[in-house]
Amino acid sequence: MTAKYAFSLTGDVQDYQGSYSTRRDARAAALEALKDLSNPPTTVFVARVVPADPQTKGHARMILREMSRKAEVFGLSNYLVGLKVDEVGSLDKELSATIGKWLIQNHLEPKSFRVEAISEYPLPTVPQVKSGPTDEVQDLGETRTVNDL
């Protein structure tokens, strides 16, 4: 599975958005999103998005046990006994692929995710406004000494 990245303007886990192939792309999208804000944050966050495990693996032994149990009802007492580890592993891979396809076809794959490897990117400061010769402050108030206080 290829890593996907998302950005957040707040750092809150629930606030991550987008799906980008690189950190750089996610950061660029975050900087672009800042253009619409009147009061942008001082930091953006980029993280790797890890989708929830759909739990499609590890079902082969249970299915084989159930098949053997049902076969005993019909008089097959040693059905599917003594299988090799690689045979069970092969069945598990096939079942996992089939269950995964079925979840996707029926739009049942988990929608939740977690974020990890979070990077913080401080934003560049806004360039300072240059002042002209007439912008200098002239009136600083009365001159005071320490004894006046």
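Put simply, Val73 and Val81 are part of two different groups of oily side chains (I, L, V, M, F, W, Y) that touch within less than 4.5 Å, one to the next.
Pairs passing the salt bridge (Lys or Arg N to Asp or Glu O under 4.0 Å) check and including a residue from residues 53-69, sequence neighbours excluded, read Glu66-Arg69. Sorted pairs that involve residues 87-98 and meet salt bridge (Lys or Arg N to Asp or Glu O under 4.0 Å), not counting sequence neighbours, are lacking altogether.
The shortest non-hydrogen separation linking Pro41 to Leu123 is O-CD1, 2.7 Å. Residues Tyr20 and Asp25 approach most closely at CB-CB, 3.9 Å, considering heavy atoms. When all heavy atoms of Ala47 and Tyr16 are compared, the pair lying nearest together is CB-CE2, 3.6 Å.
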With a cut-off of 3.5 Å and sequence neighbours excluded, list every side-chain donor-acceptor pair involving residues 110-122.
| residue | atom | partner | partner atom | Å |
| --- | --- | --- | --- | --- |
| Lys111 | NZ | Glu109 | O | 3.4 |
| Lys111 | NZ | Glu109 | OE1 | 3.0 |
| Arg114 | NH2 | Glu116 | OE1 | 3.2 |
| Glu116 | OE2 | Arg48 | NE | 3.1 |
| Glu116 | OE2 | Arg48 | NH2 | 3.2 |
| Ser119 | OG | Arg23 | NH1 | 3.1 |

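How far OG of Ser77 is from CD of Glu72: 7.0 Å, rounded to the nearest 0.5 Å. Summarising the geometry, atom CG belonging to Asp15 is positioned 10.0 Å from atom CZ belonging to Phe45; distances are rounded to the nearest 0.5 Å. Expressed to the nearest 0.5 Å, how far NZ of Lys84 lies from OG of Ser90 amounts to 12.5 Å.
Cluster partners of Leu103 are Ile99, Trp102, Leu108, counting Ile, Leu, Val, Met, Phe, Trp and Tyr whose side-chain heavy atoms approach within less than 4.5 Å, directly or via other members. Under a 4.5 Å side-chain heavy-atom criterion applied to ILVMFWY residues, the cluster that includes Leu80 comprises Met62, Ile63, Leu64, Met67, Leu76, Tyr79, Leu83, Val88, Leu91, Leu95 as well.
For Lys35, the salt bridge (charged side-chain N to carboxylate O under 4.0 Å, His left out) partners at least two apart in sequence or on another chain are Glu32.
Here the side chains of Thr43 and Leu9 are not in contact, with every heavy-atom distance at 4.5 Å or above. In this structure the side chain of Phe7 reaches within 4.5 angstrom of the side chain of Gln17, judged on heavy atoms.
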